[in-house]
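Both backbone and side-chain heavy atoms feed into the values below; hydrogens, waters and symmetry mates do not. Below, chains carry the letters A, B, ... as their sequence lines are ordered, and counting in each starts from 1.
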There are 4 protein chains.
Amino acid sequence: MTADPETRLRADARRNRDQILAAARAIFADHGPDVPMEEIARAAAVGVGTLYRRFPDRESLIREIARENFDRMLSQARAAADEEPTAWAALVRILRHSHELQLSIQLAMLSPMAHAVLQNDPKTEEFRTGLLRTIDEVVRAGQAEGSLRTDIDTGDVAILAAMLLRRVPKGRFTAIADLATDRCTAIMLDGLRAGVGTALPGRPLTADDIEPPGRTTPR
Amino acid sequence: MTADPETRLRADARRNRDQILAAARAIFADHGPDVPMEEIARAAAVGVGTLYRRFPDRESLIREIARENFDRMLSQARAAADEEPTAWAALVRILRHSHELQLSIQLAMLSPMAHAVLQNDPKTEEFRTGLLRTIDEVVRAGQAEGSLRTDIDTGDVAILAAMLLRRVPKGRFTAIADLATDRCTAIMLDGLRAGVGTALPGRPLTADDIEPPGRTTPR
Amino acid sequence: MTADPETRLRADARRNRDQILAAARAIFADHGPDVPMEEIARAAAVGVGTLYRRFPDRESLIREIARENFDRMLSQARAAADEEPTAWAALVRILRHSHELQLSIQLAMLSPMAHAVLQNDPKTEEFRTGLLRTIDEVVRAGQAEGSLRTDIDTGDVAILAAMLLRRVPKGRFTAIADLATDRCTAIMLDGLRAGVGTALPGRPLTADDIEPPGRTTPR
Amino acid sequence: MTADPETRLRADARRNRDQILAAARAIFADHGPDVPMEEIARAAAVGVGTLYRRFPDRESLIREIARENFDRMLSQARAAADEEPTAWAALVRILRHSHELQLSIQLAMLSPMAHAVLQNDPKTEEFRTGLLRTIDEVVRAGQAEGSLRTDIDTGDVAILAAMLLRRVPKGRFTAIADLATDRCTAIMLDGLRAGVGTALPGRPLTADDIEPPGRTTPR
DNA sequence: TATGAATGAGGATTCATTCAT
DNA sequence: GATGAATGAATCCTCATTCAT
């Protein structure tokens with residue numbers, strides 16, 4: 001029975017692992033996950049060999065980055081739900097954790113490569129389920145307390161967040177990227193507020209619309 | 001004096017060219033512009049050689065797709081601005097031309113590759129300028145008529161649209177993609193409505209924030 | 001029994017054929033025979049199709065160019081041998097026909113492609129034999145009359161000419177190319193003059209060293 | 001501070017690099033520098049990838065081959081100028097280093113591809129200048145000592161050497177190639193000897209005719 | 001264990017040749 | 001018969017992954 005991979009490593013090996021993850025995190029957030037492995041190794045100041053020893057292929061690296069991030073994201077969302085006085089405040093806090101959330105969304109929903117990799121990864125499932133459940137909770141509470149419009153559902157909120165929080169490719173808009181994200185988030189929140197809206201087309205999108213029960217296995 | 005490249009082609013060549021453009025349009029919209037050229041050729045049911053005869057490299061194909069799309073997009077926006085009774089209705093109509101607009105946004109703002117290619121392409125400039133000017137017009141009119149909130153500007157609208165209308169990678173959400181886009185657009189519009197909003201952070205983003213005057217230089 | 005290909009052609013077809021040959025001659029002399037076929041067609045102001053109708057592949061074009069040139073070259077050499085008062089004068093005249101001779105040498109000895117094509121082409125054989133026989137004649141006469149050094153033979157003269165008369169690639173030396181060729185030829189002739197030389201290494205190279213009897217079929 | 005690229009390489013990498021250079025040297029000398037990279041790799045018994053790791057593109061391989069060769073060639077020429085008792089002996093020795101000199105000439109003067117690559121390569125410049133200066137020295141000394149004809153100059157010698165020492169394409173003349181080269185060189189030297197010559201056309205060609213001062217700019 | 005070298009498959013592009021108009 | 005379009009094989013180069021040191 002080996003323990004957590006994170007645990008039983010010699011100090012230097014551990015340091016390498018951490019450098020690799022940090023480098024990959026930064027690069028993935030900026031350019032998405034399809035950069036040359038050598039570039040990641042270089043940014044981590046290790047050889048490719050070392051990178052491949054720690055993560056046998058690109059997929060496993062992506063998977064690890066995703067897990068870390070998902071973990072953090074989920075606990076932040078839980079904390080928001082538990083600690084904020086109103087559901088609305090919780091929603092605002094969740095949606096404004098934009099940096100962490102951005103990477104989550106990159107990985108969970110946007111990059112086709114990451115998406116393919118994470119398909120059927122149990123840890124990802126766990127995260128997705130957990131996060132959706134938390135949002136679900138907040139959404140219902142918000143509607144109950146009268147702060148959130150009632151013609152929407154969890155799926156709407158998740159998709160809206162996913163769309164808004166994708167990182168705009170670096171190089172363009174760099175100067176105003178953060179401000180733009182904040183303003184868009186705020187506008188979105190205004191659009192979600194109870195009582196303001198016109199009728200929406202279709203029907204509320206639920207958590208199941210995003211994670212259809214029994215979707216599963218490709219190939 | 002040769003006419004439009006589209007015009008003076010033998011019937012079969014013309015058909016192939018159209019098939020190529022159609023294939024590329026579809027593939028670009030779904031996966032962005034960095035798919036193998038062979039795949040595009042296969043989708044168009046021609047050999048690679050034919051693809052390269054029409055478009056000497058990937059860039060020129062991207063450029064052509066972009067121009068077509070930009071042309072259509074711009075004239076639709078102009079028509080909306082000119083024909084709709086209120087500025088608000090014009091804005092709604094523009095933002096709901098989502099299919100065309102989605103590809104525009106992919107090409108003009110999102111894909112790093114497309115972005116690199118279109119840098120300094122005069123036709124693209126023309127489009128960007130024209131479209132921004134049209135939105136500008138609609139935004140001011142909307143604020144004047146009291147339908148659009150006054151703490152935003154053209155840049156906010158453009159960025160918001162860019163973020164919302166990016167296509168979610170196929171394979172995920174396919175079933176509800178269109179509905180989701182429509183609902184998100186509607187929620188965004190509600191958030192833009194005058195009188196509903198809380199205070200936004202920062203300052204209104206203008207057209208110049210997106211297209212800083214005298215940007216140009218690549219690399 | 002069909003007549004000469006040159007003979008039974010409609011006027012326009014004939015004109016095309018001539019344009020193609022002229023274009024190919026010029027291009028081959030400057031850049032050697034491995035330029036794109038399209039370029040030759042363009043220079044001849046015909047479509048590739050026409051080029052291929054006249055010359056079913058690159059080889060047959062090369063072959064035709066070579067034959068023409070060889071014919072001219074051979075008759076010039078014969079004329080020199082027959083008309084000049086001394087053997088030395090004939091040799092000088094032959095070696096100074098540099099333009100025609102340059103192309104001959106490009107084709108017969110230098111371009112690997114042309115060389116491969118002309119292997120075993122009967123017309124080439126005929127030319128080579130004829131030219132060597134003529135030089136042979138002149139060489140023996142020159143040695144008999146005491147103008148040409150006696151420790152050389154026909155093969156030496158042919159190889160020396162081949163080396164000196166290769167065209168230097170265009171672009172470099174363009175300005176002085178012709179002068180340089182003339183001066184080198186003159187120096188070479190001085191080196192061939194009777195009585196001046198130091199001992200040469202090895203043995204005289206004969207015509208057979210160049211065209212070993214019964215060499216024939218490759219592959 | 002890293003040492004020579006040749007120095008700090010793992011033993012096996014070093015061996016591969018040497019094999020690649022040896023293979024390229026041989027192939028370039030015989031066929032010029034535009035052979036498929038795969039063929040070079042095969043001849044060196046490595047994969048293409050390895051070839052490209054060492055030399056990121058064809059150009060850098062050509063450059064390296066050229067530098068090596070130029071270095072050797074230049075020091076041989078200097079040694080000849082310094083060590084031989086007479087200028088004439090030095091000239092003879094220089095022009096007879098034919099193998100090394102052949103490759104130098106292929107690269108420096110003949111192959112259009114190599115020529116393009118070496119344009120503006122400082123090391124090449126250095127070589128060309130150095131070699132021409134050395135020949136210049138020898139030429140003047142030879143004319144002063146009365147062994148070399150006085151109606152020529154450095155440019156004539158360089159061009160003559162360039163023309164004579166081009167390798168004849170393999171496959172033809174293989175048997176007698178070396179003998180032919182030696183004999184032609186000897187005849188050329190006889191033609192350069194003082195006192196023997198008829199008047200040459202034009203004017204002496206100087207080093208500057210070959211390397212016009214301030215030529216540089218490509219394209 | 002860390003490193004960086006080696007490998008080869010895959011994607012871009014060119015061009016000789018064939019074929020529909 | 002002329003044209004220029006279509007095809008696909010060949011070549012360049014990159015990068016994921018494996019392996020020797």
Length of the [atom1]-[atom2] vector between [X] and [N], whole Å:
X	N	atom1	atom2	result
D:R14	E:dA6	CZ	C1'	18 Å
D:I40	F:dT11	CD1	C1'	12 Å
D:L51	E:dG8	CG	P	14 Å
C:D34	E:dA16	CG	C1'	13 Å
B:F55	E:dA12	CZ	C1'	17 Å
B:R15	E:dT21	CZ	P	8 Å
D:I20	E:dT7	CD1	P	9 Å
A:R42	F:dC15	CZ	C1'	12 Å

- [ ] For the pair C:E64 and C:R54, find out whether any cationic side-chain nitrogen is under 4.0 Å from an anionic carboxylate oxygen.
- [x]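 Answer for the salt bridge query: no.
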- [ ] Of all the heavy-atom pairs spanning A:Q19 and A:V46, show the shortest one and how long it is.
- [x]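 Of all heavy-atom pairs spanning A:Q19 and A:V46, the closest is OE1-CG1, 4.1 Å.
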Open item on the list: Nearest to the side chain of B:M37, heavy atoms from C-beta on, is which of E:dT21, E:dA6, E:dT13?
Closed with: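 Among E:dT21, E:dA6, E:dT13, the one nearest the side chain of B:M37 is E:dT13.
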Open item on the list: Among F:dA5, F:dA9, E:dA16, which nucleotide has an atom closest to any side-chain atom of B:R54?
Closed with: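 Nearest listed nucleotide: F:dA5.
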Distance check: side-chain N/O of [X] vs OP1/OP2 of [N], anything under 4.0 Å?
X	N	value
D:R53	E:dA6	no
D:N16	E:dA5	no
C:T50	F:dT3	yes
D:R58	F:dC12	yes

Task: Stepwise side chain to side chain contact (heavy atoms under 4.5 Å, CB included) test for B:F55 and B:I62 - done: CA-CA 9 Å; B:F55 303 96; B:I62 292 178; over 6 Å; no
Task: Expected output: side-chain D:D18 to main-chain D:L21 donor-acceptor under 3.5 Å - done: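 No, D:D18 side chain to D:L21 backbone: no donor-acceptor pair under 3.5 Å.
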Open item on the list: Checking the side chain of A:R58 only, and the main-chain atoms of A:D34 only, is there a donor and an acceptor separated by less than 3.5 Å?
Closed with: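 Answer holds: no.
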Open item on the list: On DNA chain F, compare the nucleotides closest to D:Y52 and C:G47; which residue's is nearer the 5' end?
Closed with: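 It is C:G47 whose nearest nucleotide is closer to the 5' end.
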Open item on the list: If you assign each of D:D57 and A:P56 to its closest nucleotide in DNA chain F, which residue comes earlier from the 5' end?
Closed with: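 The answer here is D:D57.
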Task: Nearest-nucleotide comparison on DNA chain E, the residue closer to the 5′ end among B:V48 and D:V46 - done: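 Result: D:V46.
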Open item on the list: By nearest heavy atom, map D:G49 and C:E59 onto DNA chain E; which one lands nearer the 5' end?
Closed with: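 Its nucleotide being nearer the 5' end, the pick is D:G49.
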- [ ] Could you summarise the pairing of DNA chain E as dot-bracket text, marking Watson-Crick and G-U pairs under 3.5 Å with ( ) or [ ] inside the strand and | across strands?
- [x] .||||||||||||||||||||
Open item on the list: Working to the nearest 0.5 angstrom, can you tell me the gap between D:R42 CZ and D:I27 CD1?
Closed with: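 Reported to 0.5 Å precision, the distance equals 9.0 Å.
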Task: Any D:D121 side-chain heavy atom under 4.5 Å of D:R67 side chain - done: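 SC-SC contact between D:D121 and D:R67 confirmed.
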Open item on the list: Counting only heavy atoms from other residues, nucleotides and ligands, does the tally under 6.0 Å from CD of A:E39 exceed 12?
Closed with: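 Atom CD in A:E39 is crowded, with more than 12 foreign heavy atoms closer than 6.0 Å.
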